[in-house]
A.B. asks: 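Would you mind keeping the following structure in view while I ask a few things?
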Amino acid sequence: MATNPLLDFTGLPRFDLIRADDIVPAIDALLAEARAAVDAVANDTGAATWASVVTPTETAFDHLDRAWGAVRHLNAVVNTPAIRDAYNAALPKVTAFYADIGQDVAWYARFKALAKSANFASLDEAQRKVVDNAIRDFRLGGAELDDAGKARFKAVQEAVATSSSRFDDNVLDSENAWAHYVERPEDLAGVPADVVTAARNDAQAERRAGYKLTLRVPCYLPVMQYANDRALRARMHHAYATLASDLGSKAEWDNTVVIGEILALRYEEARLLGYANFADLSLVPKMAQTPGEVVAFLRDLAQRARPFAEREYQALAAYARETLGIDDFAAWDLAYVTEKLKSARYAFSEQEVKQYFPEDRVVAGLFHVVETIYGVSIRKGSAPTWHPSVRFFEIRDRDGALVGQFYLDLYAREGKQSGAWMDDAINRRCIHDRLQHPVAYLTCNFSGPLDGRQPYFTHREVITLFHEFGHGLHQLLTRVDVAGVSGLQGVEWDAVELPSQFMENYCWEWDVLSQMTAHAETGKPLPRDLFERMLAARNFNSGLATMRQIELALFDMLLHTAYVPGGGGRFATPQAVLDFVRQEVAVAPKPAYDRFMHAFAHIFAGGYAAGYYSYKWAEVLSADAFSLFEERGVLSPEVGARFRDEVLARGGSRPALESFIAFRGRPPSLDALLRHNGMVSAS
């Protein structure tokens, strides 16, 4: 009988062999092994030591994490009906397992005994953090509830996981199902040639004439930015803004009820544990202490950004009216007018810049930055992948020793969830005398090769790639050998964006950018004068962008504090919360049909619930961290070594604020963020 490939942990995941039928049997077997390992520790009556309490479960949990991580990844990047069904069949079992062990009183007692023993003082910093986190997580997992409370808490956890998966499925299905076919090329006037060619190829693949437009970002965004046909932009915007909603294409994909279920379950979970609301519960393992602190931070930033945002919106509306003849400036005009005004004001367009960023040069330039500041080398490796376009790389130290490995999956395709993300495939840990090296998945949704020509990236896509690679470095450059706090494990959620947003800064440095460009036709590098115009335009509409992020973050926080499921008053529904937030902070009006909430996967399926503020919170840290590089040299190996040693290498082994202060020499300041966003003065 052949071995189930999901149970092979001798090396990298066997994506060449994994089939949907392997998923449930493998997960069942690994859940049983992990349960047995927990029981063995829980029933041990000997002295509580690291070796008797923590070590016995490490391998079982690692194997379960690796296999389930591979399954979860496949469900996101090659979402076939068979994989989806297998994933959804295994999901309740995995959720129930973690809910069960999180409430295991005997296992909890062993950790408490270790924390109180003389052995605790002999543990290193990372080991003590693992024990402290475990005790905290037992409390948050319902271990101190009575039997009825435990049963209900477990049921809530399982229901949340199922509803969140359904939320994602509904968004993906509604996005995949929508298409608009254009017959004449003149109806796509203004749209970049490569987007038009891709739309023609997609139509031809279905043996249809004309052009197929979709809601996947490589198609949707350029149409919204460049299509001269206002009616086409309005059609596309309506479809995108109503994904998975009551105004969408199919009632079965409407996330309205799913959102209500998720919020009610989260509220109940918080109340079961003695918290006033889900935000209070969510912030326990984060840097921010209270929802009030977060709301005050967001409103302070909004007050600083609003004058800039209002001037920017007024300028757009005036340009639309006076130059483009659009008197009723609307949401579907925003990206189009923004691009037109930016082009007029700074004498370049995003598509012009795109011709200078071929994929091979961009990837090589990214690797060069990392190699220079962190003293590593990145080379192609070999590994089975889930799609022919996926590549695999290795990171090695100066002495040639393996540091980590990563998969790079750059292109959008049907069956792949939209967006960009990084996830862990294997976490670093020490197994006896052997080191298990970390492995990461890096995923984007860019346009792929077209008619045999390599892809060219917009500058925005270059920034996205650098962002996700920053997350990857946090996973891969860790030096912590203890499972649970290596890489991204155990890092406070509102600090996890620090390394990713930090890397974005390099996309605005001439010494970096100039080395990774070559024009599509001439092969010449990006001209300095064009770069200077890009730099001048860097903060174009930064006030509007900041206010948009604040709008999303404030909505998320108030949704998980002020909204009470089944309650009344001003915040009787999620939509009422959104309306309130928009009235307070939104500068660009939204049409009545806008249902962005129904596809807001970050907070309903992606782990950012009562945590979306993390993007702006961590941006303060990242801007301030980069300011030291600006002072000492943006490619300084000395400062890079310090950032690696004090931030990236530490993982979750100590509080993120301590790591930041160890690197920067002081607490974080808002000044660098405001300066980077061009919001130093509103006068």
Side-chain angles (χ1 to χ4, degrees), residues 1-9 12-39 57-104 137 141-142 151 153-173 258 261-262 265 269 384-387 407 409 415-417 421 423-427 439 441 443 483 489 601 604-607:
M1 181 178 176
T3 302
N4 188 316
L6 281 167
L7 299 178
D8 180 0
F9 302 103
L12 296 161
R14 295 304 307 272
F15 288 114
D16 55 334
L17 300 178
I18 297 171
R19 300 293 180 267
D21 290 344
D22 298 320
I23 292 174
V24 172
I27 298 304
D28 284 346
L30 293 169
L31 289 172
E33 289 179 14
R35 180 75 254 185
V38 169
D39 289 344
T57 61
E58 284 181 337
T59 295
F61 281 136
D62 181 69
H63 288 177
L64 177 58
D65 287 346
R66 287 170 61 176
W68 183 239
V71 172
R72 191 176 61 239
H73 184 70
L74 289 173
N75 188 59
V77 295
V78 282
N79 188 285
T80 65
I83 288 176
R84 179 187 291 190
D85 288 347
Y87 171 81
N88 285 328
L91 177 61
K93 300 179 182 183
V94 174
T95 307
F97 167 76
Y98 282 109
D100 279 341
I101 64 171
Q103 298 177 353
D104 192 310
D137 292 343
F153 188 87
K154 177 184 172 183
V156 167
Q157 295 288 96
E158 293 176 24
V160 167
T162 300
S163 294
S164 295
S165 179
R166 191 161 79 254
F167 184 98
D168 260 345
D169 289 344
N170 288 343
V171 175
L172 181 60
D173 287 345
V258 181
E261 291 172 352
I262 291 171
L265 290 164
E269 175 186 354
T385 63
W386 52 92
H387 191 272
Y407 300 88
D409 185 356
K416 181 180 178 182
Q417 291 178 4
W421 67 91
D423 206 351
D424 57 288
I426 300 175
N427 287 300
V439 182
Y441 304 117
T443 310
Q489 297 180 100
F604 292 116

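Keep in mind the model is a prediction, meaning the values are calculated, not measured.
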A.B. asks: What pairs with Asp8 under salt bridge (charged side-chain N to carboxylate O under 4.0 Å, His left out), at least two apart in sequence or on another chain?
C.D. replies: none

A.B. asks: Under the salt bridge (charged side-chain N to carboxylate O under 4.0 Å, His left out) rule, collect the residues that match up with Asp423, sequence neighbours excluded.
C.D. replies: Arg72

A.B. asks: Partners of Glu33 by salt bridge (charged side-chain N to carboxylate O under 4.0 Å, His left out), sequence neighbours excluded?
C.D. replies: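 Applying salt bridge (charged side-chain N to carboxylate O under 4.0 Å, His left out) to Glu33 gives none.
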
A.B. asks: What's the shortest heavy-atom distance between Lys154 and Ala99, and which atoms?
C.D. replies: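 Smallest interatomic distance, heavy atoms only, reads CG-CB, 3.7 Å.
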
A.B. asks: If we only count heavy atoms from C-beta on, is the Arg66 to Val439 side-chain gap below 4.5 Å?
C.D. replies: no

A.B. asks: Return the minimal non-hydrogen interatomic distance between Ala601 and Asp168, and the atom names on each side.
C.D. replies: CB-OD1, 3.7 Å

A.B. asks: Please report the C-alpha distance between Leu64 and Tyr98 in whole Å, then the side-chain angles of each, then the deciding distance to 0.1 Å, and finally whether the side-chain contact (heavy atoms from CB on, under 4.5 Å) criterion is met.
C.D. replies: CA-CA 11 Å; Leu64 177 58; Tyr98 282 109; 3.4 Å; yes

A.B. asks: Could I get the full list of side chain to side chain donor-acceptor pair (under 3.5 Å) partners for Asp28, not counting sequence neighbours?
C.D. replies: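 Partners of Asp28 under the side chain to side chain donor-acceptor pair (under 3.5 Å) test: Lys93.
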
A.B. asks: For the residue pair Asn88 and Ser165, what are the closest heavy atoms and their distance?
C.D. replies: OD1-OG, 2.8 Å

A.B. asks: Which residues pass the side-chain contact (heavy atoms from CB on, under 4.5 Å) test with Ala82, not counting sequence neighbours?
C.D. replies: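 side-chain contact (heavy atoms from CB on, under 4.5 Å) list for Ala82, sorted by chain: Ala20, Thr80.
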
A.B. asks: Fit a plane to each ring of Phe9 and His63, take the angle between them on a 0 to 90° scale, and name the class: parallel (under 30°), tilted (30 to 60°) or perpendicular (over 60°).
C.D. replies: parallel

A.B. asks: Who pairs with Ser163 by side chain to side chain donor-acceptor pair (under 3.5 Å), at least two apart in sequence or on another chain?
C.D. replies: Glu261

A.B. asks: I need the Asp65 CG to Gln489 CD distance, nearest 0.5 Å.
C.D. replies: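 Atom-to-atom, Asp65:CG and Gln489:CD are 7.0 Å apart.
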
A.B. asks: Quick one: list whatever passes side-chain contact (heavy atoms from CB on, under 4.5 Å) with Val38, sequence neighbours left out.
C.D. replies: Arg35, Thr57, Phe61, Ile101, Asp104, Trp107

A.B. asks: Work out which heavy atom in Ala605 is nearest to a heavy atom in Ser164; give both atom names and the distance.
C.D. replies: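 For Ala605 and Ser164, the tightest heavy-atom pair comes out as CB-O, 3.5 Å.
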
A.B. asks: Apply side-chain contact (heavy atoms from CB on, under 4.5 Å) to Thr95 and list each qualifying residue two or more places apart in sequence or on a separate chain.
C.D. replies: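 Leu91, Gln157, Glu158, Ala161.
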
A.B. asks: Output every pair passing ring-ring contact (aromatic ring centres under 6.0 Å, His included) with a member in residues 76-95, not counting sequence neighbours, ordered by first then second residue.
C.D. replies: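 Qualifying pairs, neighbours excluded: Trp68-Tyr87.
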
A.B. asks: Quick check: closest heavy atoms across Phe15 and Pro384, and the distance to 0.1 Å?
C.D. replies: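 For Phe15 versus Pro384, the nearest heavy atoms are CD1-O, 3.7 Å.
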
A.B. asks: Starting at CG of Leu74, measure out to CH2 of Trp386 and round the result to the nearest 0.5 Å.
C.D. replies: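 Nearest 0.5 Å value for the CG-CH2 distance: 8.0 Å.
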
A.B. asks: Working to the nearest 0.5 Å, report the span between CZ of Phe97 and CD1 of Ile27.
C.D. replies: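 Going from the CZ atom of Phe97 to the CD1 atom of Ile27 covers 11.0 Å.
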
A.B. asks: Report the residues that fulfil side chain to side chain donor-acceptor pair (under 3.5 Å) with Asn427, sequence neighbours left out, ordered by chain and then residue number.
C.D. replies: Asp424, Gln475

A.B. asks: If every non-hydrogen atom of Ala76 is compared with every non-hydrogen atom of Trp421, which pair is closest and at what distance?
C.D. replies: CB-CZ2, 3.9 Å

A.B. asks: Under a 4.5 Å cut-off applied to non-hydrogen side-chain atoms, are Thr385 and Tyr407 in contact?
C.D. replies: yes

A.B. asks: Could you note down all residue pairs passing salt bridge (Lys or Arg N to Asp or Glu O under 4.0 Å) where residues 80-92 supplies at least one of them, sequence neighbours left out?
C.D. replies: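 Listed once each, the pairs are Arg84-Asp169, Arg84-Asp173.
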
A.B. asks: Please identify each residue that fulfils side-chain contact (heavy atoms from CB on, under 4.5 Å) with Asp22, with sequence neighbours left out.
C.D. replies: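 For Asp22 the side-chain contact (heavy atoms from CB on, under 4.5 Å) partners, ignoring immediate neighbours, are Asn4, Pro5, Leu6, Arg19.
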
